[in-house]
Undergrad: 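One structure, as structure tokens, below. Some questions next.
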Amino acid sequence: MAKKQDTKNAENDNDKNPKANNTPTVNKHYEIIDSEIVYEFGGPLGVTAMMVGFPLLMYYLWGCLQFYRGKLVSPFDNQFCNQVFKGAFPTWYATKMYVLFCLFELFLAYFMPGPIVKGAPVSSLKGRRLDYLCNGVTSWYATLATSFILHNYGWFRLTEIIDNFGPLMSVAVISGFVITLVIYATTIMQGNQYRMSGHLMYDLFMGAALNPRLGHVDLKMFAEIRIPWVLLFYISVSAAIKEYELFGYVSASMSFMVLAHFLYVNACAKGEECIPTTWDMTYEKFGFMLIFWNFAGVPFTYCFATIYLHNISIDNKQPLQHSQSWTYFCYALLLLGYYIWDTANSQKNRFRMINNGSYIPRYTFPQLPWGTLKNPTYIKTKSGNLLLTSGWWGIARKIHYTADLMMAFSWAFITGFSTVITYFYPVFFIVVLMHRVTRDMQRCAKKYGKDWEEYCRRVPYIFIPGIY
Ligand code: NDP
């Protein structure tokens, strides 16, 4: 007979759930799934190609934006290669900027106040739940205040970021490789490696350590939250200040980029306490994929729209202007995407946190309506985990991905249609999210079996209700 499904009020069920504690609870089934070696990204060959190809692609696309107004030119052209080599040659000045920024963020992550949140039970730690100091918000405000003071008193002009973009990108790329090697070697020396395939390149790419820490700072969470989005935001702020200095005003397009990147970094900081229980924290290891992408890939490719707007304004001696209706459309798409993304993530994370006893109400800005569901419906899986079936999660299984993509496309639309390079981020992001969906669905299907089938039956659409 089909297994009985439970759809009921989460609040009633709360009483029956043990509140958060650090008592190890091992679920053998999860442990087996989490420790299984699955070759992804084309296995050792595929990941080696990615480790070489990603940095080269970054240089190529940046070179086209920087020197050819976003036109795709031959990557083998001598002049092009010389321009990129000279323009992106790493300097000591850029190294100081980048390293000091990372150390400052690490200092904040270590010392700023914030609530301590328990992560999900980690199978490799026999079900132990790790503590995470969630001081993202205080660190973010401290970063904003510090940068304002540095800029205002002329101790560090924020325009230096956009003026040194090429060298900074190279420093970030080198850092991505160096940090990968250091973390990998340290993990092996400490004997903390987990889920190793035995193929060096594959293990470097996927990582050896699951939860590497420096004192109480979780390095994986630090790298995901404190570096990429903050850098991305400051690249746009830098370009906006530069525009103001050159033209006496900040255009609607450049303001859009500042707002877009502000929303993203602010969301990561304000919702940080939801991150310790996510898949990235409990399952993904800290290897090249996460390290390189966070220290170099995200900040230095997701900003292509800003770089394009900046370069075009200098070439044309005036910022890019769109029709009012197009500008309004881009802003509307961004804000709608943000609203769905923010509330969908918060609905699921808060629901899970309420039910495992780790929920802490926070009043960080902005708290949007429908961010917490009242009387949510859910499926109680055989293993005890709950799958939310109401709110955005009753509409489509990955609607937060769709919303993230709406934002990504709005970042590109604000640059118009004269170059394809500003569309790199949304197109690449589609590939990333499709891959993530496939991995996640397979993992959940294995993990939850018939309960997952029931969930997919109840919420049949993945991205867009009624369509797909
Ligand atoms: P999800 O937030 O979708 O998390 C997936 C996990 O959530 C599943 O493995 C399962 O975990 C749990 N889950 C799935 N369905 C339900 C449900 N109905 N109720 C409760 N729990 C459920 O994915 P991500 O971690 O990939 O993404 C988080 C956010 O980060 C997204 O908004 C995404 O857009 C964004 N993101 C952004 C990136 C960028 O570069 N800009 C890159 C990647 C993500 P369990 O095993 O615990 O049941």
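What you are looking at is a predicted structure, and each value in this text was computed from that prediction instead of being measured. When a ligand or atom number is given, it counts from 1 through the structure's own listing order. Basis for what follows: all heavy atoms, side chains included, without hydrogens, waters or symmetry-related copies.
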Undergrad: Would you please indicate yes or no on a ring centroid separation below 6.0 angstrom for Trp326 and Phe417?
TA: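 Close enough - the centres of the two rings lie under 6.0 Å apart.
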Undergrad: Could you tell me which residues satisfy ring-ring contact (aromatic ring centres under 6.0 Å, His included) with Tyr184, sequence neighbours excluded, listed by chain and number?
TA: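 Once residues adjacent in sequence are excluded, Tyr184 has no partner under the ring-ring contact (aromatic ring centres under 6.0 Å, His included) criterion.
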Undergrad: For ligand 1, what is the set of protein residues having any non-hydrogen atom at a distance below 4.0 Å?
TA: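 Residues Trp229, Tyr264, Tyr302, Trp341, Asn345, Lys348, Arg352, Leu386, Leu387, Leu388, Trp393, Lys398, His400, Tyr401, Asp404, Tyr425, Phe429, Arg436, Asp440, Arg443, Cys444, Lys447, Tyr448, Tyr455 each place a heavy atom under 4.0 Å from ligand 1, listed by chain and number.
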Undergrad: Would you call Lys270 and Asp342 a salt bridge, taking side-chain N to carboxylate O under 4.0 Å as the test?
TA: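 Salt bridge between Lys270 and Asp342, a charged N being under 4.0 Å from a carboxylate O: yes.
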Undergrad: Just jot down the ring-ring contact (aromatic ring centres under 6.0 Å, His included) partners of Phe286, sequence neighbours excluded, or say none.
TA: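 Listed in chain order: nothing, the list is empty.
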Undergrad: Could you work out, with side chain to side chain donor-acceptor pair (under 3.5 Å) as the rule, every residue matching Asp203, not counting sequence neighbours?
TA: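 Listed in chain order: Ser197.
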Undergrad: Determine, using ring centers only, whether Tyr39 and Tyr202 are less than 6.0 Å apart.
TA: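 Yes - the distance between ring centres of Tyr202 and Tyr39 falls below the 6.0 Å cut-off.
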